[in-house]
Amino acid sequence: MLCSRKMGFGACLVMVTCSMVSMYYYRKPQKPHLVERDIDECPGKIARDVITALRGNETFIITPYHDPRDGSVTRVLGIVHHQKTKELFCYFCTGNQTIHVVKAKIEMHQDRFGFPFGLADIICEEPPNTRLDYIYLDSAEDADLTGLPRFRIQNKDPPRYTVNFTICISTMFGNYSNTLQLIQTMEMYKLLGAQKVTLYLNSCSPQVQEVLEYYVREGTLEVIPWLIEKYLKPSRRWDSVNDGTEIGYYGQLATLNDCIYRNMYKTKYVLVNDVDEIIMPRQHDNWECLIDSLQRQHKDVGVFRVENHIFPQTMVVDGNFSGTSSWREVPGFNLLQHVNREPDRPDYFNARKLIVDPRKVIQTSVHSVLKSQGKSVDVPLDVALILHCRGPLQKDLPKTRLIEDKRLWRYNVSLINNVNKVLDQIIFKTTKR
Ligand SMILES: *[C@@H]1O[C@H](CO)[C@@H](O)[C@H](O)[C@H]1NC(C)=O
Ligand SMILES: *[C@@H]1O[C@H](CO)[C@@H](O)[C@H](O)[C@H]1NC(C)=O
Ligand SMILES: *[C@@H]1O[C@H](CO)[C@@H](O)[C@H](O)[C@H]1NC(C)=O
Ligand SMILES: *[C@@H]1O[C@H](CO)[C@@H](O)[C@H](O)[C@H]1NC(C)=O
Ligand SMILES: *[C@@H]1O[C@H](CO)[C@@H](O)[C@H](O)[C@H]1NC(C)=O
Ligand SMILES: *[C@@H]1O[C@H](CO)[C@@H](O)[C@H](O)[C@H]1NC(C)=O
């Protein structure tokens with residue numbers, strides 16, 4: 001249902017479907033002082049936080065994105081309560097003293113994993129041939145807009161992408177303090193072809209904060225503050241154990257989807273993975289060559305799924321890497337020393353992470369996309385894997401059963417040089433190495 005009304009007149013353009021609504025407005029016209037307002041004077045304060053609570057604290061808006069791919073809609077990414085958020089109305093404010101009201105279609109993403117709150121696409125059909133800049137959302141259909149947060153609609157008039165590879169990293173939380181591995185990972189991303197990394201930050205150690213600031217200054221990193229606990233009780237787990245937490249894994253699904261839409265027109269490809277993961281090509285030197293080859297074989301594919309492999313932090317190899325003696329003073333793990341991976345377990349699937357053409361993705365989950373306009377394909381293990389350096393999953397496995405995998409060492413000279421440049425500027429800036 002799409003319904004327009006002229007402020008103060010209660011006129012409804014789509015007479016048949018909107019007759020109820022228009023009668024309602026006719027009986028209860030908007031306050032006359034709103035009638036004269038133009039685009040610069042859409043009422044309400046512009047929402048500037050990454051997360052904004054709506055009235056009642058049952059719906060939390062992240063970002064509205066214009067989406068022209070299947071009809072013309074504003075897709076508002078929001079975190080909603082699966083039962084309490086029942087109805088929402090979208091108020092579009094246009095440049096010509098008109099407010100358009102339309103009932104939203106609330107599409108909860110299917111993988112809520114048992115938590116009461118989950119990500120939803122709040123879909124507002126856009127009135128045709130109208131320049132829309134702002135949107136308001138409310139559970140009432142006759143809301144007074146003056147008290148509501150006003151959201152700027154993003155992704156309108158998008159430029160053509162200027163970047164080839166962007167990494168989307170979902171929430172960094174728990175006072176993250178793995179400094180050395182983070183710097184190595186950022187430098188590996190750059191060596192493999194990343195021009196940009198978007199990271200949602202909940203909490204990290206002061207030293208990691210310095211590292212993040214360094215990469216922001218460098219222009220590689222975009223940090224989105226993600227203070228979800230101001231609004232909801234986040235769980236460290238992805239699945240619910242009924243411990244009173246309200247949303248899984250610090251709202252990971254919300255950040256990943258927001259990241260894809262945020263970068264949709266800025267980058268050719270998005271790599272969706274965690275901060276302890278690197279998508280490692282095994283036949284090519286970088287992602288450009290990898291994706292060229294994959295895309296040539298699979299022209300209509302928009303989602304490439306790469307298998308995750310654990311390189312346990314407990315298995316340490318002593319390589320003789322010249323130029324790394326100072327690294328012992330830096331907190332965190334040294335990726336160059338973790339070059340053995342756990343073998344597949346017979347009865348488990350290896351999780352996968354994604355390389356996507358963001359313009360083909362409509363909804364994403366962590367290991368696959370939920371809705372897309374292109375096909376998905378699994379990348380064979382001999383073409384690429386995810387180097388996931390973390391605690392072991394198979395704790396009791398004898399070390400001799402691990403598989404040696406030294407692909408990372410091919411990058412050792414550039415990696416060591418680049419990491420040392422960063423360390424010199426932030427960790428050892430006062431002391432001489
Ligand atoms: C919503 O949350 C805010 C901040 O947590 C609080 O001040 C406000 O009273 C809450 N409103 C309702 C209706 O629960
Ligand atoms: C204002 O917007 C309405 C709805 O899109 C449109 O029909 C009308 O022509 C517009 N008026 C002006 C002056 O642009
Ligand atoms: C992106 O890839 C194209 C080839 O597909 C290349 O010509 C261009 O230089 C790359 N851009 C950047 C910023 O690396
Ligand atoms: C965060 O980690 C750093 C370094 O590991 C530590 O010094 C600091 O006390 C921690 N902060 C909190 C709030 O736990
Ligand atoms: C490590 O390599 C350096 C030169 O790169 C060499 O001087 C040194 O002897 C080597 N150390 C060991 C233990 O092999
Ligand atoms: C890099 O690794 C190669 C073996 O792959 C080794 O020969 C070389 O010495 C290493 N370079 C450094 C700087 O550690």
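Order of appearance sets the numbers: ligands from 1, and atoms from 1 within every ligand.
- Looking only at heavy atoms of the protein, atom 13 (C) of ligand 4 is closest to N175 ND2, 4.4 Å.
- Shortest contact from atom 14 (O) of ligand 3 to any protein heavy atom: Q195 NE2, 3.2 Å.
- Electrostatic pairing of R390 and D276 does not count as a salt bridge here, judged by no charged N lying under 4.0 Å from a carboxylate O.
- Remark: atom 9 (O) of ligand 4 lies closer than 4.0 Å to no protein heavy atom.
- By the 6.0 Å and 45° rule, R150 stacks over the aromatic ring of Y134.
- The pair R352-D378 meets the salt-bridge criterion, with a side-chain N (NZ, NE, NH1 or NH2) lying under 4.0 Å from an Asp/Glu carboxylate O.
- Any N or O atom pair closer than 3.5 Å counts here, and E288 shares at least one such pair with ligand 3.
- Contact check for L182 versus V208: side-chain heavy atoms found under the 4.5 Å cut-off.
- Contact atoms of ligand 3 toward K268: 5 (O) (distance under 4.0 Å to a heavy atom of the residue).
- Among all protein heavy atoms, the one lying closest to atom 4 (C) of ligand 4 is S205 CB, 4.0 Å.
- Annotation: atom 6 (C) of ligand 3 to nearest protein heavy atom, N164 ND2, 4.1 Å.
- Classified by interplanar angle (parallel below 30°, tilted 30° to 60°, perpendicular above 60°), the ring pair F173/Y249 is perpendicular.
- Of the protein's heavy atoms, at least one falls inside 4.0 Å of atom 2 (O) of ligand 3.
- Inspection of the S205 and Q209 side chains reveals no N or O donor paired with an N or O acceptor under 3.5 Å.
- Counting the atoms of ligand 4 from 1 in the order shown, those under 4.0 Å from a heavy atom of S177 are 5 (O).
- Under the 30°/60° scheme for interplanar angles, the aromatic rings of W287 and Y189 are found to be tilted.
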